[in-house]
*Asks:* 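Take this structure first; my questions come after.
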Amino acid sequence: QVQLVETGGGLVQAGGSLRLSCAASGRAFSTYAMAWFRQAPGKEREFVGSVGRTATITYYADVVQGRFTISRDNAKSTVYLQMNNLNPEDTAVYYCAATLVYGIPTIAAAYNYWGQGTQVTVSS
């Protein structure tokens with residue numbers, strides 16, 4: 001089992017940047033593939049990005065690719081999401097997720113450990 005806690009959310013103006021962190025405790029962090037999802041009011045949870053266990057492979061949703069960067073530091077048991085050039089459509093609760101499923105999934109159903117979420121609000 002693993003517990004995940006997201007931090008770093010907040011209010012930012014359009015064009016600004018935020019860096020989210022997800023600290024993990026419990027089982028060895030390096031055994032999990034990690035991902036970020038987001039959910040805006042009235043919408044389903046949306047894939048943002050994922051990173052493999054060794055951080056050598058990453059995937060991104062088309063809508064964030066080039067603006068967002070996912071990374072991990074296994075020594076710190078932490079995964080990050082650097083978000084640049086934010087726009088109001090990025091406003092959502094951002095969730096960190098972990099899985100032991102083989103591969104680096106991009107669907108929420110493949111992840112069985114979730115953080116509580118952190119709110120990101122981008123003003124226009």
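Bear in mind the structure is a predicted one, so any value in this text is a computation, not a measurement. Heavy-atom basis, side chains included; hydrogens, waters and symmetry copies ignored. Residues: numbered from 1 along the sequence shown.
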*Asks:* Counting N and O atoms only, with roles assigned by atom type, does the side chain of Arg72 sit under 3.5 Å from a partner on the main chain of Gly52, one being a donor and the other an acceptor?
*Replies:*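 It does hold such a pair.
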*Asks:* Kindly indicate whether the side chain of Ser50, heavy atoms from C-beta on, has any atom under 4.5 Å from the side chain of Trp36.
*Replies:*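 In short, these two side chains do not touch, never coming nearer than 4.5 Å.
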*Asks:* Is there side-chain contact between Tyr59 and Phe47, with heavy atoms separated by less than 4.5 Å?
*Replies:*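 Yes - at least one pair of side-chain heavy atoms lies under 4.5 Å apart.
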*Asks:* Do Gln82 and Ile70 come within less than 4.5 Å of each other through their side chains, counting heavy atoms only?
*Replies:* no
*Asks:* So, using side chain to side chain contact (heavy atoms under 4.5 Å, CB included) as the criterion, who are the partners of Asn85 when residues are at least two apart?
*Replies:* Arg67
*Asks:* Donor-acceptor check, side chain of Arg53 to backbone of Thr31, threshold 3.5 angstrom: yes or no?
*Replies:* yes
*Asks:* To the nearest 0.5 Å, tell me how far Asn87 CG sits from Ser123 OG.
*Replies:*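 Here the interatomic distance stands at 11.5 Å.
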*Asks:* Mind listing the side-chain donor-acceptor pairs of residues 92-104 below 3.5 Å, one per line with the distance, residues two or more places apart or on another chain?
*Replies:*
| residue | atom | partner | partner atom | Å |
| --- | --- | --- | --- | --- |
| Tyr94 | OH | Arg38 | NH1 | 2.9 |
| Tyr94 | OH | Asp90 | O | 2.7 |
| Thr99 | OG1 | Val101 | N | 3.0 |
| Thr99 | OG1 | Ala110 | O | 2.7 |

*Asks:* Classify the ring geometry of Trp114 against Phe37: parallel below 30°, tilted from 30° to 60°, perpendicular beyond 60°.
*Replies:*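 The rings of Trp114 and Phe37 sit tilted, inter-plane angle from 30° to 60°.
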*Asks:* Before giving the answer on ring pair (Phe, Tyr, Trp, His ring centres under 6.0 Å), spell out for Phe68 and Tyr60 the whole-Å C-alpha distance, their side-chain angles and the decisive distance to 0.1 Å.
*Replies:* CA-CA 8 Å; Phe68 291 10; Tyr60 298 95; 8.3 Å; no
*Asks:* Pairing donors with acceptors under 3.5 angstrom, does anything connect the side chains of Glu89 and Thr91?
*Replies:* no
*Asks:* Is any side-chain heavy atom of Val51 less than 4.5 Å from a side-chain heavy atom of Ile57?
*Replies:* no
*Asks:* I'd like to know if Val63 and Met83 are part of one continuous hydrophobic network [Ile/Leu/Val/Met/Phe/Trp/Tyr, side-chain heavy atoms within less than 4.5 Å].
*Replies:*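 Yes, Met83 connects to Val63 through the hydrophobic network.
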*Asks:* Suppose the criterion is side-chain hydrogen bond (donor to acceptor under 3.5 Å, both in side chains): which pairs have a residue in residues 2-17, not counting sequence neighbours?
*Replies:* Gln3-Ser25, Glu6-Gln116, Ser17-Asn84
*Asks:* Hydrophobic cluster membership, with links at side-chain heavy-atom distances under 4.5 Å among I/L/V/M/F/W/Y: are Leu81 and Val2 in one?
*Replies:*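 Linked within one cluster.
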*Asks:* Is it the case that Arg19 places NZ or CZ above or below the six-membered ring of Tyr80, under 6.0 angstrom from the centre and within 45 degrees of the axis?
*Replies:*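 Because its charged atom sits under 6.0 Å from the ring centre and within 45° of the axis, Arg19 does stack over Tyr80.
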*Asks:* Check whether any side-chain N or O of Thr78 sits under 3.5 Å from a backbone N or O of Lys76 as a donor-acceptor pair, and report yes or no.
*Replies:*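 Side chain of Thr78 to backbone of Lys76, a donor-acceptor pair under 3.5 Å: yes, one is there.
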*Asks:* Is any side-chain heavy atom of Leu20 less than 4.5 Å from a side-chain heavy atom of Val120?
*Replies:* yes
